[in-house]
Amino acid sequence: MTYQTMSAPSAIETVRSDIEAGAVVHLWLKSRAPNERAQVSVTIDGSDLTEVTTVQTEEFAFREIQIPRAGLMELRGHSPNTSISVAYAFNPGRVWDEGIRVLHHSVGNAPPDISYGYHFRPPFGWMNDPNGFGRFAGRVHLFYQHYPHSLRWNNMHWGHAVSEDYVNWRHLPVFLFPSNELSQRDDGRGGAFSGSAIPTGNDENGDFRIFFTEQVRDRKPEEQIQLTATGGDGLRANASSVVLPARPDGLGLTLDFRDPYVFLGPDGRWKMLLGSRDKAGGVILLYDTDDRHAAGDWTFVGILHRENRFGMTAAECPCIVPLGDIQDTETRWALIFGLLTSRDPSTGRRNMTNVTVGRFDGQNFHAEAEQELDFGSDAYAFQAFVDHAGPVGIAWLANWTDVSKKEDFPTAMTLPRKVVWDGSAVLTPPVDAVSGLRRARLDSQRLLARGERLALENGAVEIELDLARPGARFELLFEHPHMDVGVRLNEEGLEILFSDRGGKLSPRFIAASARPSTVRIFVDAGSIEVFADNGRWTGTKRLPSVAAVRSVQLLAEEGAIADARVWQLKL
Ligand code: FRU
C-alpha cells in the first residue's frame, strides 16, 4: 500500500492511496475562499472517477464516494482554496473486522503523537462522552460525542468503534451527523448530543436502536429534544424521528433536557432516564413505554431522583444498572450521573459524579446509600450496560472544568470497568481483559528497594501493590517531564498527587479515609488510574500532556509493602 498526504494552505492538497474495488471513501471538504467552490477530483490509476464539490466555507461538508475498481486512488483539491479535513476508506463487508483506514487528517484534528497507549482515543478530532455503549451482534459497540474537524468541542456527531473485549477497538465510520442546518457552520450550536442504544433484534442480526438529544442553541421553545433512530446497517444511523418534542409541563424545568438513557425495567418495559434541572438543582426524569421496540409512546412517569448539593446545576448523562437479577426486589440498582458545575468544598473537585444505590420497582427509586464514582473526578459521563457477565461501564477521561475553548484538548476514555455490588458498596474494578495488556514484567525488586528508581520504558505500565496491612502508608512518585504525579496513602486517605508546576492550586484528588489493602495503578500517555481494593475506591486523573512518565520511586516504611508487581502494558 502506498500512502501519502500533503497539506499546507498554500499548496494543493493531495491524498494518494491504493484502494480496492467496492471500497467506500468518506471525506469532508470546504472552500477557503467565499467566492470559490471547493472541489476534489477523484482518479484511479490516473483516470477520472468522479469529483465532489461544495460551496461551504464555514464548515466542512461530508461526501461519500463508492469505488468501483481497484488501483491507485488520488484525491486532489482543484486549487489551494480547497481544504480537506478528513478522508478515510473502508470495505463495508470487512469493516467490522478491519475498521476504517484513515487516509488523511489535517494538523488541526490530528490525534496526539503517541506510539503506544492502551486507552481508547478517537482516530481524529475531538471526543467527549461515551454514548450507546452496548453489545449488538456479539460485538461491544462504543459510540461517542465527536467533532471530526478539530480538537475542540463543536457541533456534535457520534463517532463509533467496536470491540470483542472492551480493550482492543476498531474505528468505524462516523455514525451520526448533526442536522443539515447545523452542518453548515462550525458555530457550536448543538448537534447530536449524548444518548444510549438498546438491542432490538436477536444476537445474530444485531439490530439496535439509538436515542439521543438534538440540541439547537436558541431554538424556541425547546433547545433540547429527544430523537431515536434504528441502527441501519450498523455503520450509519437511519433517519431519526422525534420521540419527546418537549419537557414535561409544570415542573419549572430549565431548558436542560438531555442524554436519554434507555434500559429494561424490572417490569419488562423499556424505561428512559433524562437529565434536567430546576431552580433547586439537578433532576433526573423517568419515562417509559409499552412499545416492545421502544420506538414511540414514551410517557412521563415522574422525577426519579434529585440532587441539590454542591452548587450543581443540571444532572447530566444519567445511567442506571441493576447490580443483580432485575426480577428480584432485593436487587440494588446503581444510579450514576454527572453533577454539572458542582464543587466539593472539602477538596475543590468539580463536576463530580455520584453513584446512588437503591431499589427500583420500575416507577420509583428508593435511595439507600451514596458514594462518589471516582475520587480523581476525570471519569465523566459514565455509561454502563448489562453485558453477559454483568454491568460494564466506561467514562470520558476528562472533566469540563479543564476544557478551554481556546486550546486543543485531546482526550481518551477511561479503562472499561465492571460495576459490582459487594453488599455494602459499589466497586468499579477494570474489566478482566485489562490484565491481557500485560506484556513484560519489570523488576519490582528495584521498586521495593528503598529509594531506588525503576525506569518505566515508554511509560505505559501497571503497578500492583499488596500492602502489609490495610492503610499502610506509602508514596509512589512518578518522574514526568512536565508535571508532578504520584499516589499517596496515609491517615487522610488515598490520594492522586498532581501539580502541573504552573503554580495554580490543584483540587485534592483524595478518597478520604480510604484504607485499602491492595492498590492497582495504571499509567498511560495522558492519564493515571487508581483502583484500590478491587475498585472500592477508584480514581482517574487526566494528565494535560501525553509525554511518558520515565520512572517511579516508592517511599514506604520497611515492611509496609508486602509485594509489588510492575508490568509494561501494550495493546
Ligand atoms: C456531558 C454533556 C452532555 C451533552 C454532551 C454534549 O458531558 O454536556 O450533557 O449531551 O456533553 O457534547
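Atoms within each ligand, like the ligands themselves, are counted from 1 in listed order. Just so it is clear, the structure is predicted and the values come from calculations on it, not from any experiment.
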Engineer: Is the closest side-chain donor-acceptor distance between Trp126 and Ser150 under 3.5 Å?
Structural biologist: no

Engineer: Can you tell me which residue among Thr538, Asn534, Thr414, Asp374 is in a side-chain hydrogen bond (donor to acceptor under 3.5 Å, both in side chains) with Thr428?
Structural biologist: Thr538

Engineer: Would you say Asp233 has more than 12 foreign heavy atoms packed within less than 6.0 Å of its CG?
Structural biologist: yes

Engineer: Taking 4.0 angstrom as the limit, do Lys541 and Glu495 come out as a salt bridge?
Structural biologist: no

Engineer: Could you walk me through whether Val162 and Trp96 satisfy the side chain to side chain contact (heavy atoms under 4.5 Å, CB included) test, starting with their C-alpha distance in whole Å, then the side-chain angles of each, then the deciding distance to 0.1 Å, before giving a yes or no?
Structural biologist: CA-CA 7 Å; Val162 281; Trp96 298 102; 3.9 Å; yes

Engineer: Do Thr213 and Gln224 get their side chains close enough for a donor-acceptor pair, meaning under 3.5 Å?
Structural biologist: no

Engineer: Please tabulate, one line per pair, the protein nitrogen or oxygen atoms found under 3.5 angstrom from a nitrogen or oxygen of ligand 1, with distances to 0.1 Å, or say none if there are no such pairs.
Structural biologist:
{"unit_1": "ligand 1", "atom_1": "7 (O)", "unit_2": "Asp129", "atom_2": "OD1", "d": "2.7"}
{"unit_1": "ligand 1", "atom_1": "7 (O)", "unit_2": "Asp129", "atom_2": "OD2", "d": "3.2"}
{"unit_1": "ligand 1", "atom_1": "7 (O)", "unit_2": "Trp400", "atom_2": "NE1", "d": "2.7"}
{"unit_1": "ligand 1", "atom_1": "8 (O)", "unit_2": "Glu316", "atom_2": "OE2", "d": "2.7"}
{"unit_1": "ligand 1", "atom_1": "9 (O)", "unit_2": "Arg258", "atom_2": "NE", "d": "2.8"}
{"unit_1": "ligand 1", "atom_1": "9 (O)", "unit_2": "Asp259", "atom_2": "OD1", "d": "3.4"}
{"unit_1": "ligand 1", "atom_1": "9 (O)", "unit_2": "Asp259", "atom_2": "OD2", "d": "2.6"}
{"unit_1": "ligand 1", "atom_1": "9 (O)", "unit_2": "Glu316", "atom_2": "OE2", "d": "2.9"}
{"unit_1": "ligand 1", "atom_1": "10 (O)", "unit_2": "Ser194", "atom_2": "N", "d": "3.1"}
{"unit_1": "ligand 1", "atom_1": "10 (O)", "unit_2": "Asp259", "atom_2": "OD1", "d": "2.6"}
{"unit_1": "ligand 1", "atom_1": "11 (O)", "unit_2": "Asn128", "atom_2": "ND2", "d": "3.3"}
{"unit_1": "ligand 1", "atom_1": "11 (O)", "unit_2": "Asp129", "atom_2": "OD2", "d": "3.1"}
{"unit_1": "ligand 1", "atom_1": "12 (O)", "unit_2": "Asn128", "atom_2": "ND2", "d": "3.1"}
{"unit_1": "ligand 1", "atom_1": "12 (O)", "unit_2": "Gln145", "atom_2": "OE1", "d": "2.7"}
{"unit_1": "ligand 1", "atom_1": "12 (O)", "unit_2": "Trp153", "atom_2": "NE1", "d": "3.1"}

